[in-house]
Every structure is written in C-alpha cells, then in structure tokens.
Amino acid sequence: MNRSAKYILKRFSQNKNNLCQSSHAGKAAFHNSSLCRQEVSSDSVAPLVLVEQYNAVTLIGLNRPSKRNALDTNLISCLREELKKFASNPLSSVAVLYGTGGNFCAGLDLDELTLDKPSLPLVDEFCCKPVIASVNGYAVGEGFDLAMACDVRVTDNQAILGSFNRRFGIPISVPALRRLSASCGMSFALDIILSGRPIKAEEAYQMGLVQQLSPCGASKGNALTYAQSLTKYPQEALRADRAAFLHALVLSDDIQYATESEISSMLPKALEKMQYESRRFSEGVGKHGTFKNLTVQPGWPEWMK
C-alpha cells in the first residue's frame, strides 16, 4: 500500500471515531442517565425498570435488552414495585408499559427457571388504574400474558405474540387464561393455548388481541398519545366502571360479588365527584358531545385538550 493510500485510511478512521463520539454525545442530551449507562454497561449495572413521567402518564420500561426483556426474579420484583408506586401516585392516572431494545418481553428467563426456584405468575390481579401496553418485537410466553394483563395493546405491525411457553411445558396461570378467553373468545384462546404458535400482529388485531396497529417503531408514541387521551376524563368514574367491568367479566363468577366489589372500592369516590362534574356540565364543559377541556394538564398543547 502506498503512502497516500495509508494517509486516506488513517483520516477515514479518525473521522469515523469522531462521528461515533458525536452520536453518543447527542444521545446523552435526549436520554436520562440510566439510559446512557445502558449504552456502556451490562444489564447488571443498568436499572431493570425505567420510569418516566409525562404529565399524568407514567412510562414504565422493561430494561433487559440483552435477554429480550425476559423476566427473572429481580425484574419481576422491580416491575411489581413500580406498578405499586404508580397505583398509589395521585398525580398519575394512566401507565404505558413497554420494552427496550426492540422487544416487549420474551417471557420467563429460562436460565433461572429450575425445579428448586419456580417463578410465580407475574400478575395475579388487575392494577387499579389503566395500563396501556406498547408492544414491539416479541411478546411471548409470560411476556404475552403480561401484555394481555394490560387494558389496551398498541402494537407494532411487525410484532410477534403467542404462548411460546407451550414449547417448554410451562403452564399458564389461571388469571392469564381468563383474560385471554375474555379478550378473543374460547375458540381463538384454545388455539393459542394448545398450539403455542406465533401470532403476527395483523392476525392478533383481527382476533381482538390488539386494539391498534402502528408502523414499526411507532407503538410507544401512539400508546402515549392514547394514554394521554384518557387522562382528560374524571378518573373516579372511569376507574369505577373499569373495576366493575373487569370483576364481572373476568375475575368474578358471581355478578352480585362484582356489584359489591364495585360499591366497596371505587363507586363511593365516583359518587362524591359526580355533583361537581354535573355542575361543570351545566357551565358548558362537555356539552354538544365535545371532548375538549374536560381536564387540562399543565403544558398540554392545544390539540390534546
């Protein structure tokens, strides 16, 4: 190789390194410190769950990208803790659950699943507030159950869902089975449970498993927009109706028990707020079928009010 060619290669290498350094610096300006650490460190150092707040919406991110966000004991514990914090936070009304690194969740971490240390079902009961799933990549096995435990699923059109745990003889929890049957009906549910086959996003949408399809990479933004749209409503009545529906349809065998559960949980708070909301309607808010200005959060752009 002659001297001029060596010089050109050297300059190209220097420019490439400069570009990489500039790219990492740009990322640091847009992401919080935990995300920046993820770029240069392993899952054991980075936080397992990322939490961000946008007005009244909490974003909760599964953060084990090298394992496709597979659920181990630590991740399950962290996720449960963050969901409890969200449920008890009076300033947060809706959550968006997503996965980092191009996948929602690949199910249980099979490296940890042994006879001596069985994993427990992740979600045994519904959260008291709405949770929207932003599904991308793989949402399979317990990851599929986790997505189905959310109220609404906004999904990339390239995502794959399914009960992949069928391949390894891992049983599905009873709450997950009841949610699945309620979402898509007995025939589709049995097909999913028995075959364990992969379900593409378009087919999942046709089954009723998915409520919204998004272009690849857009599910998180669309899920956040949907979640923001729910925060404008009076939350007491929204939660009361949601709790009654879920108890009656999925959790309760007895409709009387569902009614009693509603009365003892959310309904009194909704009734307390009813008179106030009625006065707002008489003053003109929400008349003629409009959705504008029902509840305005600080910093909202005009199109979201």
Check for a donor-acceptor pair, side chain of [X] on one end and backbone N or O of [Y] on the other, with a separation under 3.5 Å.
X	Y	answer
Ser77	Asn74	no
Asp156	Ser219	yes
Glu142	Leu146	no
Asn69	Asn103	yes
Ser181	Arg178	no
Asn63	Pro47	yes
Gln228	Ala223	no
Gln211	Arg153	yes
Asp151	Val131	yes
Arg68	Cys105	no

Linking I/L/V/M/F/W/Y whenever their side-chain heavy atoms sit closer than 4.5 Å, directly or via other members, would [X] and [Y] fall into one cluster?
X	Y	result
Leu79	Val135	yes
Ile76	Leu62	yes
Leu50	Leu224	yes
Val152	Tyr54	yes
Tyr138	Leu209	no

Checklist entry - Under the side chain to side chain contact (heavy atoms under 4.5 Å, CB included) criterion, do Val154 and Lys220 qualify, and how do the steps go? => result CA-CA 8 Å; Val154 179; Lys220 184 179 176 184; over 6 Å; no
Kindly compute the distance separating [atom1] ([X]) from [atom2] ([Y]), expressed to the nearest 0.5 Å.
X	Y	atom1	atom2	result
Asn222	Thr155	CG	OG1	10.5 Å
Phe144	Ile199	CZ	CD1	5.0 Å
Leu161	Met207	CG	CE	10.0 Å
Cys127	Leu83	SG	CG	6.0 Å
Ser93	Phe86	OG	CZ	7.5 Å
Leu71	Leu48	CG	CG	10.5 Å

N/O donor to acceptor pairs below 3.5 angstrom from side-chain atoms of residues 183-198, sequence neighbours left out:
| from | atom 1 | to | atom 2 | distance (Å) |
| --- | --- | --- | --- | --- |
| Ser183 | OG | Arg179 | O | 2.9 |
| Asp191 | OD2 | Arg197 | NE | 3.2 |
| Asp191 | OD2 | Arg197 | NH2 | 2.8 |
| Ser195 | OG | Asp191 | O | 2.6 |
| Ser195 | OG | Arg197 | N | 3.3 |
| Arg197 | NH1 | Glu203 | OE1 | 3.2 |
| Arg197 | NH1 | Glu203 | OE2 | 3.3 |
| Arg197 | NH2 | Glu203 | OE2 | 2.7 |

Checklist entry - Taking it one step at a time, do Leu213 and Glu202 satisfy side chain to side chain contact (heavy atoms under 4.5 Å, CB included)? => result CA-CA 8 Å; Leu213 286 179; Glu202 180 63 36; 3.3 Å; yes
Next on the checklist: So that I can tick it off, tell me whether Lys67 and Asp72 are bridged by a salt bridge, with the cut-off set at under 4.0 angstrom between side-chain N and carboxylate O.
Outcome noted: no
Checklist entry - Which heavy atom of Ala70 sits nearest a heavy atom of Leu75, and at what distance? => result O-CD2, 3.4 Å
Item to check | Nearest heavy-atom neighbours spanning Val96 and Ser134 | outcome: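 Closest approach of Val96 to Ser134: CG1-CB, 4.2 Å.
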Next on the checklist: Working note: Gln235 + Leu238, criterion side chain to side chain contact (heavy atoms under 4.5 Å, CB included); need CA distance, chi angles, decisive distance, verdict.
Outcome noted: CA-CA 5 Å; Gln235 293 301 302; Leu238 182 148; 4.2 Å; yes
Next on the checklist: Given Ser92, which partner from the list Thr231, Asn55, Thr58 fulfils the side chain to side chain donor-acceptor pair (under 3.5 Å) test?
Outcome noted: Thr58
Checklist entry - Would Glu52 and Val57 count as a side chain to side chain contact (heavy atoms under 4.5 Å, CB included) if you check the C-alpha gap in whole Å, the side-chain angles of each, and the deciding distance to 0.1 Å? => result CA-CA 8 Å; Glu52 300 172 83; Val57 177; over 6 Å; no
Checklist entry - salt bridge (charged side-chain N to carboxylate O under 4.0 Å, His left out) between Glu82 and Lys85: does it pass, once the steps are laid out? => result CA-CA 5 Å; Glu82 293 302 335; Lys85 290 180 182 178; 3.7 Å; yes
